[in-house]
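Step one of this worksheet: look at the structure below.
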Protein chains: 2
Amino acid sequence: MRSAEGARSSRADQADQRRAELLDAARRVVLERGLASTRVSDIAKATNVSGGLIHYHFATKDDLITAMLRATSESEVRRLREIIAGPGTAIQRLDRVLRFYIPSSRSDQSWILWLDAWALGVREPHVREILLELEGGWIEILSEVISQGMEAGEFTCDDPQGAAERLDGMLDGLVVRYTLHSGAMSRKRLLEHARIAAAREVGVDRSSFPA
Amino acid sequence: MRSAEGARSSRADQADQRRAELLDAARRVVLERGLASTRVSDIAKATNVSGGLIHYHFATKDDLITAMLRATSESEVRRLREIIAGPGTAIQRLDRVLRFYIPSSRSDQSWILWLDAWALGVREPHVREILLELEGGWIEILSEVISQGMEAGEFTCDDPQGAAERLDGMLDGLVVRYTLHSGAMSRKRLLEHARIAAAREVGVDRSSFPA
DNA sequence: GATTTGACTGGGTCGCCAGTCAGGATCGTT
DNA sequence: AACGATCCTGACTGGCGACCCAGTCAAATC
């Protein structure tokens, strides 16, 4: 069942690559145009591919969108895990997580995707499930860093899970505000709020955070 | 330009009433079906009215939706103002605000509207403006109650505005979680989080809140 | 080198839905 | 009563967009 094990470009590989390419284009197009006004043909155009090909690889538009959201969510959680496995004190890692949460600049509109997904998730159980896993991932990571800090004697916290839920919620809410009305909430102020709240939750002084 | 000042049912009144009725139906339909799959004809059906009539009172569907969101937002802010103008100690009023924030039961899905509106607001400046006013209203009210409490000597807080922003953000984020996955976050737990965070922000003990 | 399999094209179809329009009913005014 | 303004109806349309399909082409297999 194939020429040699060195074969890098079998038919299956080609299909996988094409699917990944389509997911990528889908993400870009949805970010740019919004879920509501994204057409299958837009994604086809962005990939320089015929409209028919989309439906060859994905049965329906919903399938494509759902797969794209799943892929994005999984890659986000993967990067998060790398962060908390990284070097530094617990507070440094916590700070890195907070900064990863927050859009890195005015032009980073990646959160738009999740605003669309939240609205979609209300009606679509598959999407809702993806969102549940993503949020669960965030909370778990936060709670894990806090526990690490407690073991290291850096932090004090009698309910890491609860603290993680509160922090995660606050960041979600503030990022919505920042994404929608960046004029009313600067990135600096957002990060400051995050550090103040996090410092309180883990029982350290706000000045313990890096400048 | 009219019979007597006692006239309660002039043509203008009738039109106003019909418009209000349509806005109300629009809200119900959007909550039930979601913005994305709400048709103008659905709203017409829900009002027992012809499709054409909608476009007699509202030029476009967008106009109708925007007006509905504006009306809903304004009524929400109005009710909020009543709460903080009400009786009781500052902490009682603060608690009332928190409880007004949180959906009153599993079946209260009113927040779905704002999830849809957030996604819409990314592309529609008019909607974004409404959202800005609504959030601004919440933050202002929170900050006002906190200030009242400080004047009364109940609270300590060196940045009421910042505290209000953090609380508002946290509640937004947690309510999203509650609305989307009520299984992962009970109303009780949500309220508990709100009280813990609020107590910290205003420098009182969590036990100061009503049971 | 013949045949099969899989990737891909592009035109077509079919249903849906916002918005239009011509006309009808009802109200207020004179 | 007559008339104009306003409210309302329901059939219609024009465009759009997801999905289908018949056919092409190239790579894999025999």
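Atom set for the values below is all heavy atoms of this structure, side chains included, hydrogens, waters and symmetry mates excluded. Within every chain, numbering begins at 1; the chains are lettered A, B, ... in the order of the sequence lines, protein sequences first and strands thereafter. On a predicted model such as this, the values are computed, not experimentally measured, just so you know.
For A:Arg39 and A:Asp42, the salt-bridge test fails: no basic side-chain N is under 4.0 Å from an acidic carboxylate O. Between A:Glu32 and B:Arg123 no salt bridge is recorded (no basic side-chain N to carboxylate O distance below 4.0 Å).
The ring pair (Phe, Tyr, Trp, His ring centres under 6.0 Å) check on B:Tyr101 picks up B:Trp111, B:Trp138, with sequence neighbours excluded.
Counting to the nearest Å, the C1' atom of C:dC17 and the CZ atom of B:Arg33 are 12 Å from each other. Between the CZ atom of A:Phe58 and the C1' atom of D:dC20 there is a distance of 18 Å, given to the nearest Å. Straight-line distance from the CD1 atom of A:Ile54 to the C1' atom of C:dA7: 13 Å, rounded to whole Å.
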Requested in this report: Between protein and nucleotides 4-18 of chain D, map the contacts as a letter string: B base, S sugar-phosphate only, - none, heavy atoms under 4.0 Å, written 5' to 3'.
Outcome: -BBBSBB------SS

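Across B:Ile83, B:Ile84, B:Leu80, B:Val145, a single residue satisfies side-chain contact (heavy atoms from CB on, under 4.5 Å) together with B:Arg96, and that is B:Ile83.
Considering only heavy atoms from C-beta on, A:His193 comes within 4.5 Å of A:Met185 through its side chain.
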